[in-house]
Amino acid sequence: ISVCCPKHKRKTYRTMMINYFCKDEKYIFCTCGSRVNVLEISTGKIVHCIEHDDQEDITSFALSCDDEMLVTASRALLLKQWDWRQASCTRSWRAIHTIPVASMTFDSTSTLLATGGCDGTIKLWDVVKQYCTHNLKGSSGVVHLVEFHPDIKRLQLFSSSLDCGIRLWDLRSSQCLVVLQSHYSAVTSLSFSPDGDTMVSSGRDKICTVWDLKTRQAKRTVPVYEAVEGVVLLPENTDLSEIGVKSKDLHFITAGSKGVLRVWEASSARCVHTQSLPSTLTSEEEEDEEQDSPRSLTYLFHLPESSRLATVTAEHNILLYQLPGLSTQQQFVGYSDEVLDVKFLGKGDTHIVVATNSCQLKVFELLTNSCQILYGHTDTVLTLDVFRKGSLFASCAKDRGVRVWQMDGDGQVRCVAQGCSHTNAVGSISCSRMKASFIVTGSQDCTVKVWDLPAEFPTAGEEIHQLTARATEKAHDKDVNSVAVSPNDKLLASGSQDRTAKLWSLSGDGTVGLLGVFRGHRRGVWAVCFSPVDQVLASSSADGTTKLWGLQDFSCLKTFEGHDASVLKVVFVSRGTQLLTSGSDGLVKLWTIKTNECVKTLDAHQDKVWGLHPSRKDDRMVTGSADSNITVWADVTEEELAEEQAKQEDQILKQQELSNLLHEKKYLKALGLAISLDQPHTVLTVIKAIREGENSSQLLEKTVLKLRVDQKESLLRFCAVWNTNARNCQDAQAVLQVLLTHLPPEELLQYQGARTHLEGLIPYTERHMQRIGRLLQASMFLNYMWQKMRVAGATSG
């Protein structure tokens with residue numbers, strides 16, 4: 001490898017507040033700081049990015065029902081209207097609110113915009129005529145929810161604030177008609193029936209209330225036993241028997257702190273269906289984790305066109321479910337947090353598995369960006385390793401556990417084995433290389449453990465296999481940061497915070513024996529890696545160096561210095577002839593071992609690069625960083641060599657063609673071809689050839705004036721280069737004479753860089769004039785002396 005370029009990059013589109021879906025359901029709108037990112041659902045890519053110039057965070061935004069207008073509100077108390085397809089701001093105005101806007105929504109006609117402020121007021125705006133139509137006062141505290149009645153003829157607005165009531169406003173009189181009291185905590189969402197006479201409200205007080213909007217009374221209070229963030233009324237006249245809808249009564253679906261969608265029958269207040277999710281937690285653990293569970297849902301949307309539901313999780317993941325079965329259709333991870341490790345996965349490296357600052361693992365399909373979220377660990381996953389065939393991988397975490405996962409032919413991943421016997425966080429893991437027979441883990445408890453794997457893993461539906469450690473060894477005096485298994489599965493290397501790396505033997509009977517210690521690093525060792533071809537071990541350290549060690553005598557063979565901070569990862573590539581290292585400085589470096597030379601530095605991250613993994617074919621690598629970005633790099637060495645070779649061949653052909661044109665005295669074509677090569681010396685050769693012929697001045701003038709404007713621009717630039725040399729100044733001046741004589745100054749000044757070139761010509765031209773002046777004086781004096789000598793000679797004769 002000599003050249004790499006980023007092929008694919010995962011960017012954050014963190015979902016911090018209410019998302020919006022286009023009417024055609026092709027795009028999702030999400031906020032991330034001062035930006036609104038537009039995500040294309042089919043590809044999972046950000047296609048538009050709308051950003052405030054003042055860099056102020058967006059506090060709320062709304063998309064009009066006709067998908068034409070996007071309005072954002074920022075902490076600077078400005079409302080901005082956008083043409084989101086062009087990412088251009090069409091108008092902006094002051095929000096009038098005294099403190100930031102907390103919520104906003106459009107009516108069904110896309111002409112009225114309601115904004116709820118943290119100051120307890122609600123403003124209504126006519127976005128067509130561009131003025132404020134209403135100023136509704138009376139709410140207590142932050143107005144976090146505003147919603148128009150779907151029947152615009154009623155001209156009604158619903159709002160909720162800190163007093164937990166739902167206010168119904170009559171927009172004809174600007175009066176509050178009634179305050180609907182039922183909830184004792186924040187009201188999170190409202191959903192209306194198609195006829196507009198029934199409404200369901202949800203709250204964090206673990207209840208949903210069904211309202212009769214004709215009588216403005218609560219018809220039913222449904223206890224749902226979880227803090228609900230979103231509620232959606234299920235469509236009528238649709239067969240939803242798969243999710244427990246057996247009657248024509250009103251049914252609604254809730255999303256909340258438990259992280260599952262549940263279907264409720266309003267008339268009986270019964271839960272008729274609970275979505276099943278893969279889980280390894282017991283019911284008691286789920287009760288304990290409910291409050292801070294990363295699975296908890298923060299938003300719920302109904303997409304009627306495609307008959308889907310969309311949810312957003314507490315970890316900013318977007319999940320799309322297909323009705324009527326609530327099967328998972330797509331998942332997008334909006335925010336990766338700090339990426340701690342990343343590995344290629346799948347037989348053709350079609351996926352990547354990512355460990356972030358989370359107890360979940362994320363498996364991305366590189367082609368579509370679709371994500372599968374893996375649950376199992378109960379604390380932050382620290383590192384990963386993949387077996388040789390690519391469909392089996394292992395993970396370890398702060399929960400002191402280790403898990404083995406398997407990917408099936410459809411790309412679905414499930415946990416097949418788990419073990420837990422370390423007494424502290426497990427920070428390093430390595431898989432056997434020959435076949436999937438064992439894994440090795442290193443922990444903050446200073447021990448290394450070897451775990452045997454079963455010959456066959458349990459199939460789906462069977463109990464997860466429980467791993468037991470066949471060997472445990474007190475390996476170091478401090479945390480074990482890295483472990484690596486040799487290509488033949490007979491050796492084990494470990495690197496520790498105690499500044500040493502150690503080599504161990506792995507015997508068939510399950511014992512681990514110390515063979516030697518590698519000493520030389522001045523700080524903790526972050527990573528160790530065996531060479532795939534030589535008896536060599538590489539180690540990287542917090543002292544900023546990477547070292548190569550001989551396995552026979554444990555001596556340091558080479559030291560690579562170049563990183564300004566800790567070197568966090570090291571791997572061999574190019575059949576063991578090169579090294580890739582990543583560091584705390586955000587850089588990835590490629591080293592040639594034979595010459596100790598850093599041949600390439602890749603700068604695509606802004607923070608520590610924890611994850612670094614090459615593909616099995618060595619044609620790609622993936623990096624993951626604490627800046628939340630994951631980058632897939634492609635090796636473009638062969639492409640660049642082929643491109644360079646093609647360029648050279650093209651140059652040779654053009655040089656031959658140029659020689660033929662000069663021989664045939666086709667000077668105009670020759671000059672045009674020479675200029676296209678962008679080689680001043682080649683163009684000078686053509687100019688000299690023209691000036692050597694008969695009637696050179698007329699021929700030069702005729703040829704130069706027939707050139708295109710862009711060719712004349714290049715010729716002027718070349719003249720400035722030639723004029724710096726006394727040998728070529730006459731040719732430069734001859735071309736300049738033609739240009740200055742026949743082209744008006746106005747046209748010359750329009751040429752790109754003309755002023756700069758002319759300013760560069762003046763001092764050298766003056767110097768040449770002075771030199772020619774001195775030469776002329778000397779020649780006249782010589783002529784005078786010659787004349788006198790002739791006269792004297794004649795007299796004496």
Side-chain angles (χ1 to χ4, degrees), residues 1-10 336-344 349 352-357 381-386 427-430 481-484 493 495 497 501 521 523-532 537-548 558-574 576-593 596-615 618-635:
I1 301 171
S2 63
V3 184
C4 289
C5 72
K7 184 179 181 182
H8 179 82
K9 192 166 186 174
R10 279 211 76 259
S336 295
D337 203 355
E338 189 170 348
V339 178
L340 302 181
D341 204 1
V342 59
K343 292 282 192 291
F344 280 108
D349 294 330
I352 55 172
V353 56
V354 183
T356 62
N357 201 9
V381 181
L382 296 175
T383 190
L384 309 158
D385 198 21
V386 181
S428 56
I429 194 165
S430 183
N481 291 332
S482 177
V483 290
Q497 206 64 31
H521 284 295
R523 292 192 179 178
V525 178
W526 275 114
V528 289
C529 182
F530 283 99
S531 168
L537 180 78
S539 65
S540 63
S541 165
D543 61 12
T545 66
T546 301
K547 291 179 182 289
L548 285 186
K558 285 179 181 287
T559 300
F560 302 87
E561 295 182 285
H563 286 279
D564 295 330
S566 300
V567 185
L568 303 175
K569 277 280 167 72
V570 58
V571 291
F572 284 90
V573 290
S574 304
T577 60
Q578 291 180 305
L579 287 175
L580 275 170
T581 59
S582 65
S584 295
D585 50 11
L587 301 177
V588 176
K589 289 180 179 286
L590 177 66
W591 309 82
T592 298
I593 294 174
N596 263 48
E597 180 189 4
C598 176
V599 293
K600 192 75 177 177
T601 298
L602 308 172
D603 186 5
H605 295 287
Q606 307 300 318
D607 209 337
K608 301 179 186 70
V609 182
W610 289 110
L612 173 67
H613 190 228
S615 65
D618 262 359
D619 59 342
R620 289 181 297 167
M621 72 168 176
V622 61
T623 56
S625 167
D627 63 7
S628 305
N629 284 325
I630 300 162
T631 306
V632 179
W633 303 81
D635 177 12

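Computation of the quantities below employed the complete heavy-atom set of this structure, encompassing side-chain atoms and omitting hydrogens, waters and symmetry-equivalent molecules.
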Closest heavy-atom contact between [X] and [Y]?
X	Y	answer
Gly576	Ser531	CA-OG, 4.5 Å
Ser584	Ala565	CB-CB, 3.8 Å
Asp603	Gly586	OD1-O, 4.3 Å
Phe560	Leu548	CE1-CG, 3.7 Å
Pro532	Phe572	CD-CB, 3.7 Å
Leu384	Val353	CD1-O, 3.6 Å

To the nearest 0.5 Å, tell me how far [X] [atom1] sits from [Y] [atom2].
X	Y	atom1	atom2	answer
His605	Asn629	NE2	CG	7.0 Å
Glu597	Gln578	CD	CD	10.0 Å
Leu568	Ser582	CG	OG	5.5 Å
Lys343	Ser615	NZ	OG	13.5 Å
Lys569	Ser482	NZ	OG	7.5 Å

Tell me whether [X] contacts the main-chain N or O of [Y] through its side chain, where contact means a donor paired with an acceptor under 3.5 Å.
X	Y	value
Asn481	Val525	yes
Ser541	Gly524	yes
Asn596	Thr559	yes
Asp585	His563	no
Asp627	Gln606	yes
Thr631	Thr623	no

Starting from the C-alpha separation in whole Å, work towards a yes-or-no answer on side chain to side chain contact (heavy atoms under 4.5 Å, CB included) for Leu340 and Val381. CA-CA 8 Å; Leu340 302 181; Val381 181; over 6 Å; no

Is there side-chain contact between [X] and [Y], with at least one heavy-atom pair below 4.5 Å?
X	Y	answer
Thr581	Ser540	no
Met621	Val588	yes
Leu590	Leu602	no
Thr577	Ile593	no
Trp591	Val570	no

Please determine whether side chain to side chain contact (heavy atoms under 4.5 Å, CB included) holds for the pair Val528 and Ser539, giving the CA-CA distance in whole Å, both sets of side-chain angles, and the decisive distance to 0.1 Å. CA-CA 4 Å; Val528 289; Ser539 65; 4.1 Å; yes

Can Asp635 and Val573 be said to form a side chain to side chain contact (heavy atoms under 4.5 Å, CB included), step by step? CA-CA 11 Å; Asp635 177 12; Val573 290; over 6 Å; no

Determine all donor-acceptor pairs shorter than 3.5 Å in which one atom belongs to a side chain in residues 607-614; sequence neighbours excluded.
{"from": "Trp610", "atom 1": "NE1", "to": "Glu338", "atom 2": "OE2", "distance (Å)": "3.0"}
{"from": "His613", "atom 1": "ND1", "to": "Phe344", "atom 2": "N", "distance (Å)": "3.0"}

Let's go through Val622 and Trp633 carefully: what are the C-alpha distance in whole Å and the side-chain angles of both, what is the deciding distance for side chain to side chain contact (heavy atoms under 4.5 Å, CB included) to 0.1 Å, and is it a yes or a no? CA-CA 6 Å; Val622 61; Trp633 303 81; over 6 Å; no

